[in-house]
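Input: a single structure, listed below in structure tokens.
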Amino acid sequence: QVQLVESGGGSVQAGGSLRLSCAASGGYIYRSNCRAWFRQAPGKEREGVAAVFVSDGRTSYADSVKGRFTISQDNAKNTLYLQMNSLKPEDTAMYYCAAATDCPWHWLLASGYDYWGQGTQVTVSS
């Protein structure tokens with residue numbers, strides 16, 4: 001069974017930075033072709049933030065975070081990262097990491113992911 005554990009969330013002021021980590025364990029994680037970060041704010045749907053194609057490192061970002069967020073992976077450590085810079089109050093949400101055995105047709109489509117972490121809260125104050 002795959003386990004994903006996020007860390008690194010917290011409270012920052014607008015313009016600040018945070019780095020989220022997602023540690024993966026479990027045999028099936030090695031079969032994951034896509035890994036991604038999603039977020040969900042209160043009263044809103046879960047939205048894709050950034051995704052990475054595991055084998056070659058290609059990435060995809062939501063328009064709202066392009067140029068500010070960077071997704072990366074350390075395959076040796078089975079860890080996924082999300083570097084978040086120039087944070088805005090609208091970035092406030094619970095952030096989740098996810099893994100997909102087969103990449104969905106749209107890498108930021110939540111329904112295409114098989115495994116999810118419990119989430120880490122990010123709060124950005126103005």
Side-chain angles (χ1 to χ4, degrees):
Q1 188 67 292
V2 173
Q3 283 191 317
L4 303 175
V5 180
E6 302 96 336
S7 61
S11 297
V12 295
Q13 289 192 327
S17 298
L18 283 173
R19 188 194 195 201
L20 306 184
S21 298
C22 174
S25 61
Y28 286 102
I29 193 63
Y30 296 102
R31 302 182 188 177
S32 296
N33 289 316
C34 274
R35 297 183 69 182
W37 289 96
F38 291 80
R39 66 185 181 187
Q40 188 167 19
K44 294 188 177 181
E45 292 187 356
R46 189 168 296 190
E47 64 169 341
V49 175
V52 60
F53 190 66
V54 174
S55 62
D56 64 13
R58 283 179 292 154
T59 58
S60 179
Y61 294 92
D63 288 342
S64 59
V65 306
K66 281 180 182 176
R68 301 189 298 122
F69 291 11
T70 303
I71 188 171
S72 61
Q73 56 183 349
D74 184 334
N75 289 337
K77 296 181 180 179
N78 256 337
T79 302
L80 186 71
Y81 302 99
L82 185 68
Q83 178 66 43
M84 304 186 295
N85 299 327
S86 302
L87 282 162
K88 304 175 180 180
E90 51 264 43
D91 294 319
T92 295
M94 185 72 79
Y95 282 72
Y96 301 89
C97 71
T101 303
D102 296 312
C103 294
W105 69 271
H106 190 299
W107 292 0
L108 297 179
L109 187 66
S111 61
Y113 285 78
D114 308 298
Y115 307 103
W116 293 85
Q118 293 299 307
T120 185
Q121 178 68 37
V122 171
T123 302
V124 184
S125 58
S126 58

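A quick note: this is a predicted structure, and the numbers were derived from the prediction, not measured.
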Residues joined to Leu109 in its hydrophobic cluster, side chain to side chain under 4.5 Å directly or through other members, sorted by chain and number, are Trp105

Would the distance check show the side chain of [X] and the main-chain N or O of [Y] forming a donor-acceptor pair, the cut-off being under 3.5 Å?
X	Y	answer
Arg39	Met94	no
Gln3	Gly26	no
Thr92	Val124	yes

In short, ring-ring contact (aromatic ring centres under 6.0 Å, His included) pairs touching residues 32-81 with sequence neighbours left out are Phe38-Tyr113, Phe38-Trp116, Phe53-Trp107

Consider only side-chain heavy atoms of I, L, V, M, F, W and Y, link residues closer than 4.5 Å, and tell whether [X] and [Y] are in one cluster.
X	Y	result
Leu108	Val49	no
Tyr96	Ile71	no
Val52	Val65	yes
Val122	Leu80	yes

Counterpart residues, side-chain hydrogen bond (donor to acceptor under 3.5 Å, both in side chains), relative to [X] (two or more places apart):
X	value
Glu90	none
Asp114	Thr101
Gln83	Asn85
Lys66	Asp63

For atom CD of Gln118, is the number of surrounding heavy atoms from other residues, nucleotides or ligands below 6.0 Å larger than 12? no

